[in-house]
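Read through the structure below, which is laid out as C-alpha cells, and then see the notes.
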Amino acid sequence: MSVRLSADFFQKHDTLTLSQLLLGCELVHESAAGRTAGVIVETEAYLWGDPACHAYRRQTKRNAAMFGPTGHLYVYLIYGMYYCVNIVGGPVGQGEAVLIRALEPTEGLDLMQERRDLNPKTLQPSLKTRKKPLAVKDLCNGPGKLVQAMGIRPEHNKVPLWESAIRVTPPVFTDFEMITTTRIGITQGAELPYRFYIKGNKYVSKA
DNA sequence: TTTACGATCCCCT
DNA sequence: GGGGATCGTAAAC
C-alpha cells in the first residue's frame, strides 16, 4: 500500500491553499517502464473567475476535467507540442486547478533522461540528438519538462490521484521558506500573486 | 468553416 | 535575448 494524499485531503482545502500545501510533497508515477518521482517545488493556482484560467469563459471539451472532482489530474496540450499537468481543485462545477511547474527529481533519473530525449508528443526518438545528457537540474524545471520526464500522458487526464499509478505523498520537505509571486507565460491576470515556490531551491523553473 | 493563438522548450546569436 | 516549431481548440466570421 503506497503512501499518498487522500481524497479527503484534497476536499478540505481550497485551491489556493492546495497550491501552497503541495510544495514539498512528492509526485510519483509507477509506470511499466519503472518508477519516477520528484518533490514539487513550484506551483501556480488558476481560480474561478480568474481571466488566466482555462475555465474562465465556460466549460469546454478541453477544460472539462477542471470542473470535476478535486484531486483528479487535468492534462492538456500546449503550443501543439508539449503537455502540462494540473491537480484539479475547488468544488465540483467550478473550474480551478494547480499547475505543477517544477520538480526536484528523486527517483528514476535515468528513465527521466530517456523520456526527455523523445519527442514529447509522439514518443518517437527525436531527429536531432542532444550533444550532452541533460543536467539533473534541467530534467523537471518546467511544466512541459516534468510531464515528459514523469511519463505523464494525455490519457492521464481526469485520473484520480488516490487510485491511479500516479500519486502525491504527504510532505517530504517541511523546513523551507515559500516565495509568493506572479505567474509565468500569461497575459491576462498577470499581476495576481498565484505562483508559489520553495525559496532557494535550484530545481525551480525561474527564480 | 476559418483563423489566430497559447499556463513551452530549445537552439541560435 | 529572440524567434521558430507545431497543432488542437475555441472564438470569430
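Each chain gets a letter, A, B and so on, in the order the sequences are listed, and its residues count up from 1. Keep in mind the model is a prediction, meaning the values are calculated, not measured.
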- prompt: Taking the six-membered ring for Trp, are A/His54 and A/Tyr76 ring centroids under 6.0 Å apart?
  reply: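 Between A/His54 and A/Tyr76, the centre distance is under 6.0 Å.
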Could you run down the sub-3.5 Å N/O contacts of the protein with nucleotides 6-10 of chain B?
residue: B/dA7; atom: OP1; partner: A/His54; partner atom: NE2; Å: 2.8
residue: B/dA7; atom: N9; partner: A/Tyr76; partner atom: OH; Å: 3.3
residue: B/dA7; atom: N7; partner: A/His54; partner atom: NE2; Å: 3.0
residue: B/dA7; atom: N1; partner: A/Asn86; partner atom: OD1; Å: 2.5
residue: B/dA7; atom: N1; partner: A/Asn86; partner atom: ND2; Å: 3.4
residue: B/dA7; atom: N3; partner: A/Tyr76; partner atom: OH; Å: 3.1
residue: B/dT8; atom: OP1; partner: A/Arg101; partner atom: NH1; Å: 3.3
residue: B/dT8; atom: O3'; partner: A/Gly144; partner atom: N; Å: 3.4
residue: B/dC9; atom: OP1; partner: A/Pro143; partner atom: N; Å: 3.3
residue: B/dC9; atom: OP1; partner: A/Gly144; partner atom: N; Å: 2.7
residue: B/dC9; atom: OP1; partner: A/Lys145; partner atom: N; Å: 2.9
residue: B/dC9; atom: O4'; partner: A/Tyr82; partner atom: OH; Å: 3.3
residue: B/dC10; atom: OP1; partner: A/Arg116; partner atom: NH1; Å: 2.8

- request: Check whether any side-chain heavy atom of A/Glu96 sits under 4.5 Å from a side-chain heavy atom of A/Met66, and report yes or no.
  value: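 No - every pair of side-chain heavy atoms lies 4.5 Å or more apart.
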message: I'd like to check A/Leu161 versus A/Leu5 (side-chain heavy atoms, cut-off strictly below 4.5 Å). Are they in contact?
response: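 The answer is no, as the side chains (C-beta and beyond) never meet within the 4.5 Å cut-off.
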Bracket notation of DNA chain C in which parentheses pair within the strand, [ ] cross earlier pairs, and | pairs with another strand (Watson-Crick or G-U, under 3.5 Å): |||||.||||||.
task: Considering only NZ, NE, NH1 and NH2 on the basic side and carboxylate oxygens on the acidic side, decide whether A/Glu44 and A/Arg183 come within less than 4.0 Å.
output: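 Not counted as a salt bridge, because no side-chain N and carboxylate O are separated by less than 4.0 Å.
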task: Decide yes or no on salt bridge (charged side-chain N to carboxylate O under 4.0 Å, His left out) for A/Glu30 and A/Arg167, but give the supporting numbers first.
output: CA-CA 9 Å; A/Glu30 313 266 3; A/Arg167 69 179 192 269; 2.9 Å; yes
Please answer whether the main-chain N or O of [Y] pairs with a side-chain N or O of [X] as donor and acceptor at a distance below 3.5 Å.
{"X": "A/Thr70", "Y": "A/Gln11", "answer": "no"}
{"X": "A/Asn63", "Y": "A/Tyr56", "answer": "no"}
{"X": "A/Arg116", "Y": "A/Leu139", "answer": "yes"}

message: With rounding to the nearest 0.5 angstrom, report the CZ to CD distance, A/Phe173 to A/Glu104.
response: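 Here the rounded value is 4.0 Å.
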message: For A/Met150 and A/Leu103: C-alpha separation, side-chain torsions, deciding distance, then whether side-chain contact (heavy atoms from CB on, under 4.5 Å) applies.
response: CA-CA 10 Å; A/Met150 291 292 290; A/Leu103 302 177; 3.8 Å; yes
field: Segment of DNA chain C, first to last nucleotide, that comes within the 4.0 Å heavy-atom reach of chain A
entry: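 First and last nucleotides in contact are C/dA5 to C/dA11.
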